[in-house]
Number of protein chains: 2
Amino acid sequence: MAPRLVTDIQLVDRLTGLFRQVGYDGASLGAIAAATGLQKSSLYHRFPGGKQQMAAEASASVIQEFAGSVLAPVGSEAPLHERVTAIAANLDGFYDGGARYCLLDMLSVGDPGVDAASNLAAAAMAWISVFATLAREAGADEATARARAQDAIAAIEGALVVSRVTGDRSAFTRAIDGLAERLLGASGS
Amino acid sequence: MAPRLVTDIQLVDRLTGLFRQVGYDGASLGAIAAATGLQKSSLYHRFPGGKQQMAAEASASVIQEFAGSVLAPVGSEAPLHERVTAIAANLDGFYDGGARYCLLDMLSVGDPGVDAASNLAAAAMAWISVFATLAREAGADEATARARAQDAIAAIEGALVVSRVTGDRSAFTRAIDGLAERLLGASGS
DNA sequence: GTCTATACGACGATAGAC
DNA sequence: GTCTATCGTCGTATAGAC
């Protein structure tokens, strides 16, 4: 067997990056081949399930990156407010200040298949769950915590839409800067 | 000339509905023909510029509908808080409680052409402008008003993304119910 | 103005050599 | 494991009859 020109991790990362830029339908196999450096037939060797499997694995990798990196500070020993601030900084980096879009949005337009769709739903739920945990630590009851979590995520997702349409990223910056207040309540930590 | 089987208004309305459902790339000419009741060649007679012109006119019609109907209460004689409440009710209907998506999001994924893109940007700016006007009436300074307007729109757009991905529309309902507070400030009207 | 029929390229996906 | 070459389909868009 010939050596792999691209590692699995590199491959999925490049897939994720492309899907985030142009969406599912916009990422043609030709564009995927160009972005990954592999020919179409090589991609089918790696992903026998075709483009839908690529979307499924790309979305699965985002769950990993989110839980294991972006949202990781939730479980640290730092004070509540510091953990939220750390997550906010991670989110700002992950979305590059609003310049990079979210896979939840970009991949859910079109028909990426049931696997990718359920992965996206699971990723969103997990994100909500982490944010809700932080809100609960701030003293909110279960329902309020879930509401604050969803609203904080919606603020970010919506700001990314506004950014994509108008080119104005200031709403995204405000969504990040206001994360702690939105999650923990106006009173602060 | 044979009589028109579908009026211009019906045609653009059906186009808009389809684009909102499946996005630009998802709306193939076959699907457009099925949704409008016209054959592909008839569509090219109405829209010589092809699919991109269809997207451009669909997006242009949304500006009209938003300014002339959904956001119309902004200019009424009613008290400020009542006008915002009326707009919130209109938005709830326009998005059907979060079940119908926003053209700003769905049409900006893919390549709908420069005309549609600039129409979407103009629609977003107009929406922001109307919301900012309401915030200013509540006493906010220019910068604060614009920020509140963008954030209120982002809350709605983001809630629609969350709705699409998770199927949970509660975030949308909260975005609508909280519109007045978000726009006019926590103190109310 | 709408239709049937068609051109032609791009799409996702596969076959088979190396 | 990767490649070149190709398949069949569906994409957008056109031609021309009525």
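Fair warning: this is a prediction, and the values are worked out from it, not measured in the lab.
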Heavy atoms under 4.0 Å is the rule here; annotate nucleotides 13-18 of chain D 5' to 3' with B where the base is hit, S where only the sugar-phosphate is, and - elsewhere. BBB---
Side-chain N or O of His45(B) versus OP1/OP2 of dT2(C): is the shortest distance under 4.0 Å? no
Could you give the CG-to-P distance, from Leu43(A) to dA15(C), as a whole number of Å? 17 Å
Roughly how many Å is it from CZ in Phe47(B) to C1' in dG1(C), rounded to a whole number? 14 Å
Check the orientation of Phe19(A) and Tyr24(A). Use parallel for under 30°, tilted for 30 to 60°, and perpendicular for over 60°. parallel
What's the closest nucleotide to the Gln39(B) side chain, out of dT4(C), dT2(C), dG1(D)? dT4(C)
Starting from C1' on dC10(D), measure out to CD1 on Ile32(B) and report it in whole angstrom. 14 Å
Please tell me whether Gln150(B) and Asp168(A) have a donor and an acceptor in their side chains that are separated by less than 3.5 angstrom. yes
Would you tell me whether Thr144(B) and Asp141(B) have side-chain atoms, one donor and one acceptor, within less than 3.5 Å of each other? yes
Working note: Ser76(A) + Arg83(A), criterion side-chain hydrogen bond (donor to acceptor under 3.5 Å, both in side chains); need CA distance, chi angles, decisive distance, verdict. CA-CA 7 Å; Ser76(A) 82; Arg83(A) 278 179 281 156; 4.5 Å; no
Neighbour count above 12 (heavy atom, 6.0 Å) for Arg182(A) CZ: yes
Rounded to whole angstroms, how far apart are CZ on Arg4(A) and P on dT2(D)? 7 Å
Would Arg46(A) and Gln53(A) count as having a side-chain donor-acceptor pair, cut-off 3.5 Å? no
CG of Asp25(A) versus P of dA10(C): gap in Å, rounded? 17 Å
Is Ser42(A) near enough to dC3(D) that one of its side-chain N or O atoms lies under 4.0 angstrom from OP1 or OP2? yes
Distance, rounded to the nearest Å, where Leu5(A) contributes CG and dT2(D) contributes P: 5 Å
Using a 4.0 Å heavy-atom cut-off across all strands, classify Ser28(B) as base, sugar-phosphate, or nothing. sugar-phosphate
